[in-house]
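Since the structure comes first, as C-alpha coordinates, the remarks are kept for the end.
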Amino acid sequence: GKLPAVEVDGELVTESDRILRYLDAAFPANAPRMVPLPGTAEAARAETLHRLDLELVRDWFSLVFYPVEGAELEATTSRLLETLARVDAVLADAAQQPSDTAQPHSDAAPERTGPWFLGGSAPSIIDLQFIPTVERLLPSVLYWKGLELRGGD
(Lines give C-alpha, C1' and ligand atoms only; values in the text may rest on other atoms or scores of the structure.)
Protein backbone atom coordinates (compact mmCIF):
# COMPACT_ATOMS: atom_id res chain seq x y z
CA GLY A 1 0.00 0.00 0.00
CA LYS A 2 0.87 3.65 -0.17
CA LEU A 3 1.73 5.88 2.76
CA PRO A 4 0.57 8.30 3.85
CA ALA A 5 -3.10 7.45 3.48
CA VAL A 6 -6.30 8.67 5.09
CA GLU A 7 -9.83 7.35 4.94
CA VAL A 8 -12.68 9.82 5.42
CA ASP A 9 -16.30 8.66 5.10
CA GLY A 10 -15.20 5.55 3.22
CA GLU A 11 -13.01 7.42 0.72
CA LEU A 12 -9.33 6.47 0.70
CA VAL A 13 -6.94 9.26 -0.25
CA THR A 14 -3.19 8.71 -0.71
CA GLU A 15 -0.24 11.05 -1.36
CA SER A 16 0.52 13.95 0.97
CA ASP A 17 -0.46 16.72 -1.43
CA ARG A 18 -3.81 15.11 -2.30
CA ILE A 19 -4.55 14.44 1.40
CA LEU A 20 -3.89 18.07 2.36
CA ARG A 21 -6.07 19.38 -0.49
CA TYR A 22 -8.82 16.86 0.28
CA LEU A 23 -8.92 17.73 3.99
CA ASP A 24 -8.89 21.46 3.27
CA ALA A 25 -11.85 21.11 0.88
CA ALA A 26 -13.73 18.58 3.05
CA PHE A 27 -13.56 20.70 6.20
CA PRO A 28 -13.82 24.35 5.09
CA ALA A 29 -15.03 25.49 8.51
CA ASN A 30 -11.60 24.69 9.93
CA ALA A 31 -10.11 28.07 9.05
CA PRO A 32 -7.58 29.29 8.23
CA ARG A 33 -7.35 27.37 4.99
CA MET A 34 -4.19 25.43 4.15
CA VAL A 35 -4.76 25.82 0.41
CA PRO A 36 -4.98 29.38 -0.94
CA LEU A 37 -8.17 30.32 -2.74
CA PRO A 38 -7.88 29.94 -6.53
CA GLY A 39 -7.21 33.13 -8.46
CA THR A 40 -5.53 34.94 -5.57
CA ALA A 41 -2.01 36.33 -5.53
CA GLU A 42 -1.33 33.91 -2.70
CA ALA A 43 -2.36 30.95 -4.89
CA ALA A 44 0.11 32.13 -7.55
CA ARG A 45 2.88 32.42 -4.93
CA ALA A 46 2.01 28.96 -3.63
CA GLU A 47 2.23 27.50 -7.14
CA THR A 48 5.62 29.17 -7.67
CA LEU A 49 6.91 27.77 -4.38
CA HIS A 50 5.50 24.33 -5.15
CA ARG A 51 7.33 24.25 -8.51
CA LEU A 52 10.52 25.38 -6.78
CA ASP A 53 10.12 22.64 -4.19
CA LEU A 54 9.90 20.08 -7.00
CA GLU A 55 13.01 21.56 -8.65
CA LEU A 56 14.81 21.56 -5.32
CA VAL A 57 14.02 17.88 -4.78
CA ARG A 58 15.22 17.07 -8.31
CA ASP A 59 18.50 18.97 -7.83
CA TRP A 60 19.01 17.55 -4.33
CA PHE A 61 18.44 13.96 -5.47
CA SER A 62 20.72 14.49 -8.49
CA LEU A 63 23.53 15.62 -6.20
CA VAL A 64 23.16 13.22 -3.28
CA PHE A 65 21.62 10.03 -4.62
CA TYR A 66 23.26 9.64 -8.04
CA PRO A 67 26.97 9.01 -8.61
CA VAL A 68 28.49 12.23 -9.91
CA GLU A 69 32.15 13.24 -9.97
CA GLY A 70 34.41 15.95 -11.34
CA ALA A 71 32.80 18.51 -13.63
CA GLU A 72 29.41 16.82 -13.32
CA LEU A 73 29.60 17.12 -9.52
CA GLU A 74 30.41 20.83 -9.84
CA ALA A 75 27.54 21.39 -12.29
CA THR A 76 25.08 19.47 -10.11
CA THR A 77 26.17 21.38 -7.01
CA SER A 78 25.83 24.67 -8.90
CA ARG A 79 22.30 23.73 -10.01
CA LEU A 80 21.30 23.02 -6.41
CA LEU A 81 22.79 26.30 -5.19
CA GLU A 82 21.09 28.23 -8.02
CA THR A 83 17.73 26.67 -7.15
CA LEU A 84 18.24 27.54 -3.47
CA ALA A 85 19.05 31.13 -4.47
CA ARG A 86 15.80 31.28 -6.49
CA VAL A 87 13.90 29.92 -3.49
CA ASP A 88 15.46 32.65 -1.31
CA ALA A 89 14.46 35.31 -3.85
CA VAL A 90 10.86 34.10 -4.04
CA LEU A 91 10.63 33.93 -0.25
CA ALA A 92 12.08 37.43 0.12
CA ASP A 93 9.52 38.71 -2.39
CA ALA A 94 6.71 36.81 -0.65
CA ALA A 95 7.73 38.35 2.69
CA GLN A 96 6.91 41.75 1.19
CA GLN A 97 3.44 40.64 0.04
CA PRO A 98 0.26 40.66 2.13
CA SER A 99 -1.27 37.31 3.04
CA ASP A 100 -4.69 35.97 2.09
CA THR A 101 -4.46 33.00 4.51
CA ALA A 102 -5.34 34.76 7.77
CA GLN A 103 -8.81 35.84 6.58
CA PRO A 104 -9.73 33.80 3.49
CA HIS A 105 -13.17 35.39 3.04
CA SER A 106 -12.00 39.00 3.20
CA ASP A 107 -11.63 41.22 0.14
CA ALA A 108 -8.68 43.03 1.72
CA ALA A 109 -5.55 40.97 2.20
CA PRO A 110 -4.37 41.17 5.82
CA GLU A 111 -0.82 41.87 6.93
CA ARG A 112 1.56 38.95 7.24
CA THR A 113 1.28 37.79 10.84
CA GLY A 114 3.47 34.71 11.11
CA PRO A 115 6.65 32.96 10.06
CA TRP A 116 4.88 30.84 7.45
CA PHE A 117 5.83 30.85 3.76
CA LEU A 118 2.53 32.47 2.76
CA GLY A 119 2.15 34.54 5.93
CA GLY A 120 -0.96 34.26 8.03
CA SER A 121 -1.36 32.77 11.47
CA ALA A 122 -1.06 29.10 10.49
CA PRO A 123 0.94 26.91 8.11
CA SER A 124 -0.19 26.45 4.54
CA ILE A 125 0.12 23.53 2.18
CA ILE A 126 3.47 25.00 1.08
CA ASP A 127 4.87 24.83 4.62
CA LEU A 128 3.72 21.23 4.94
CA GLN A 129 5.37 20.31 1.62
CA PHE A 130 8.47 22.49 1.63
CA ILE A 131 9.74 22.25 5.20
CA PRO A 132 10.30 18.45 5.12
CA THR A 133 12.27 18.86 1.89
CA VAL A 134 14.65 21.37 3.46
CA GLU A 135 14.75 19.44 6.73
CA ARG A 136 16.06 16.38 4.90
CA LEU A 137 18.15 18.21 2.31
CA LEU A 138 20.40 20.08 4.75
CA PRO A 139 21.84 17.12 6.68
CA SER A 140 22.06 14.84 3.64
CA VAL A 141 24.13 17.24 1.51
CA LEU A 142 26.35 17.91 4.52
CA TYR A 143 26.85 14.21 5.30
CA TRP A 144 27.16 12.84 1.75
CA LYS A 145 28.82 15.76 -0.03
CA GLY A 146 30.30 17.91 2.76
CA LEU A 147 28.23 20.88 1.56
CA GLU A 148 27.34 23.26 4.41
CA LEU A 149 24.20 25.20 3.50
CA ARG A 150 23.31 26.73 6.88
CA GLY A 151 24.60 30.08 8.01
CA GLY A 152 26.35 32.55 5.79
CA ASP A 153 24.86 35.77 4.53
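Side-chain atoms are counted along with the backbone in the values below, which use heavy atoms only and exclude waters and symmetry mates.
A donor-acceptor pair shorter than 3.5 Å can be found between the side chains of S124 and D127.
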Test log, rule side-chain contact (heavy atoms from CB on, under 4.5 Å), inputs I131 and F117: CA-CA 10 Å; I131 291 172; F117 284 117; 3.8 Å; yes
Stepwise side-chain contact (heavy atoms from CB on, under 4.5 Å) test for L149 and L81: CA-CA 9 Å; L149 297 175; L81 294 175; 3.6 Å; yes
Derivation of the side-chain contact (heavy atoms from CB on, under 4.5 Å) call for T48 and R45: CA-CA 5 Å; T48 298; R45 287 192 304 272; 5.6 Å; no
Verdict with supporting geometry, R136 and S140, side-chain contact (heavy atoms from CB on, under 4.5 Å): CA-CA 6 Å; R136 291 175 179 101; S140 68; 5.7 Å; no
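Atom CZ of F65 has more than 12 heavy atoms from other residues, nucleotides or ligands within 6.0 Å.
Here the closest non-hydrogen pair linking V141 and W60 is CG1-CD1, 3.9 Å. Contact detail for L12 and A5: the closest heavy-atom pair is CD1-CB, 4.0 Å. Contact detail for A122 and P32: the closest heavy-atom pair is CB-CG, 3.6 Å. Residues V68 and L63 share a closest heavy-atom pair of CG2-O, 4.1 Å. Of all the heavy atoms in E42 and L118, the pair that sits closest is OE2-O, 3.0 Å.
Expressed to the nearest 0.5 Å, how far CG of L80 lies from NZ of K145 amounts to 11.5 Å. A distance of 6.0 Å separates OG1 in T83 from CZ in R58, rounded to the nearest 0.5 Å.
For the side-chain contact (heavy atoms from CB on, under 4.5 Å) criterion with T133, the lone passing option out of L54, L56, L52 is L56.
Between R33 and P28 the shortest side-chain heavy-atom distance falls below 4.5 Å. Side-chain contact between I125 and D24 is absent, with no heavy-atom pair separated by less than 4.5 Å.
For T40 (side chain) and L37 (main-chain N/O), a donor-acceptor pair under 3.5 Å exists by modelled atom type.
Using a cut-off of 4.0 Å between Lys/Arg side-chain N and Asp/Glu carboxylate O, R79 and E55 are scored as not salt-bridged.
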